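Working notes for the structure below.
Residues take their numbers from the sequence shown, with the count starting at 1. In this text, all values refer to a predicted model and were calculated from it rather than measured experimentally.
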Amino acid sequence: MLWPAGRRKGPTVPELDFLMLCDHVRAEGAIVHLVAAGIDRIYVEQLPGVVPIGIAARVTFADAAVPVDGLPRAELDFQGPDDRTIVSFRGVSSARDVGADAHPDLLRAILAANIALPLQDFGRHRLRFLVGGVLLKTVPFVVVDQPPERA
């Protein structure tokens, strides 16, 4: 939830517009190109292994006066079945001001990253997305050793 105008105390509170796991992501200004978006199952023949994965997010800040370099940093935490952190990305700063013409009172920042995700275990995993230390979303996914059945 965003702070109402005139009642802000401290930095602006972020609102998550979307967060997706995908095969590949590319950002061009305000446009985000996603390939095979909405991943919730990853097939791996054997572990340990490394899987390429894309992460796309857009965060809106209600105070457009905040400079892009003054935005709170994003954090990505991938956790395994035992809630142990597999890999973390702290201080992600690939945010950009997008869409200022359409919404001059808002600041929208896009995060688009392609990573090599190291996997050790089969089972339920999750991606935790935080901005400025505030958890905005958790995306669950499962790592399996059998490909999905074809309909």
Side-chain angles (χ1 to χ4, degrees), residues 1-3 8-100 103 106-148:
M1 173 131 276
L2 298 174
W3 294 103
R8 279 191 201 101
K9 303 285 185 196
T12 184
V13 177
E15 182 174 297
L16 182 65
D17 298 324
F18 62 82
L19 173 65
M20 304 282 292
L21 292 178
C22 57
D23 276 351
H24 184 79
V25 61
R26 180 172 49 100
E28 290 180 4
I31 303 297
V32 180
H33 302 272
L34 302 165
V35 175
I39 289 176
D40 64 357
R41 179 178 310 261
I42 297 174
Y43 166 65
V44 185
E45 287 186 16
Q46 64 182 16
L47 292 176
V50 177
V51 175
I53 196 160
I55 304 120
R58 186 176 74 185
V59 179
T60 297
F61 297 88
D63 186 358
V66 175
V68 172
D69 61 357
L71 293 176
R73 299 295 179 148
E75 301 172 24
L76 300 167
D77 287 330
F78 282 92
Q79 296 180 331
D82 58 0
D83 294 332
R84 177 180 42 86
T85 298
I86 298 169
V87 65
S88 291
F89 299 93
R90 304 266 184 240
V92 177
S93 61
S94 61
R96 296 184 277 221
D97 181 4
V98 295
H103 303 283
L106 300 175
L107 176 69
R108 289 195 168 132
I110 289 180
L111 179 134
N114 295 293
I115 65 164
L117 179 62
L119 295 171
Q120 299 289 325
D121 302 300
F122 294 106
R124 293 187 178 275
H125 290 65
R126 66 183 174 177
L127 164 63
R128 297 175 70 235
F129 181 68
L130 303 93
V131 174
V134 176
L135 179 64
L136 296 185
K137 178 101 177 157
T138 299
V139 177
F141 61 97
V142 65
V143 177
V144 297
D145 62 350
Q146 297 292 320

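- Counting heavy atoms from C-beta on, the side chains of V131 and P14 come closer than 4.5 Å.
- Classification of the F141-F78 ring pair by plane angle, with boundaries at 30° and 60°, yields perpendicular.
- The structure places CG of D40 at 10.0 Å from CE of M20, a figure rounded to the nearest 0.5 Å.
- Annotation: side chain of L119 is in contact with side chain of V44 (closest heavy-atom distance under 4.5 Å).
- Atom CZ of residue R128 and atom CG of residue L76 lie 11.0 Å apart, to the nearest 0.5 angstrom.
- Using a 4.5 Å heavy-atom threshold, the side chains of I115 and P52 count as separate.
- The side-chain heavy atoms of L16 and F129, taken from C-beta on, include a pair separated by under 4.5 Å.
- Between the CG atom in L127 and the NE2 atom in H125 there is a gap of 12.0 Å [rounded to 0.5 Å].
- Counting only residues at least two apart or in different chains, salt bridge (Lys or Arg N to Asp or Glu O under 4.0 Å) contacts with residues 131-145 are absent.
- For the atom pair CG (L130) and CZ (R90), the distance works out to 7.0 Å, reported to the nearest 0.5 Å.
- In this structure, the side chains of H24 and N114 come closer than 4.5 Å at one or more pairs of heavy atoms.
- Atom CG of L21 is separated from atom CZ of R126 by 13.5 Å, given to the nearest 0.5 angstrom.
- Contact check for L117 versus V50: no side-chain heavy atoms found under the 4.5 Å cut-off.
- Contact annotation: the side chain of V143 never approaches that of D121 to less than 4.5 Å [non-hydrogen atoms, C-beta and beyond].
- D82 meets the side-chain hydrogen bond (donor to acceptor under 3.5 Å, both in side chains) test with R84; sequence neighbours excluded.
- Here the rule is side-chain contact (heavy atoms from CB on, under 4.5 Å) with L19, and of V59, L111, T138, I55 only I55 fits it.
- Of all the heavy atoms in C22 and A37, the pair that sits closest is CB-CA, 3.7 Å.
- Atom CZ of F122 sits about 11.5 Å away from atom CD1 of I42, to the nearest 0.5 Å.
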CA sep, side-chain torsions, deciding dist, call: D77, S88, side chain to side chain donor-acceptor pair (under 3.5 Å): CA-CA 4 Å; D77 287 330; S88 291; 2.6 Å; yes
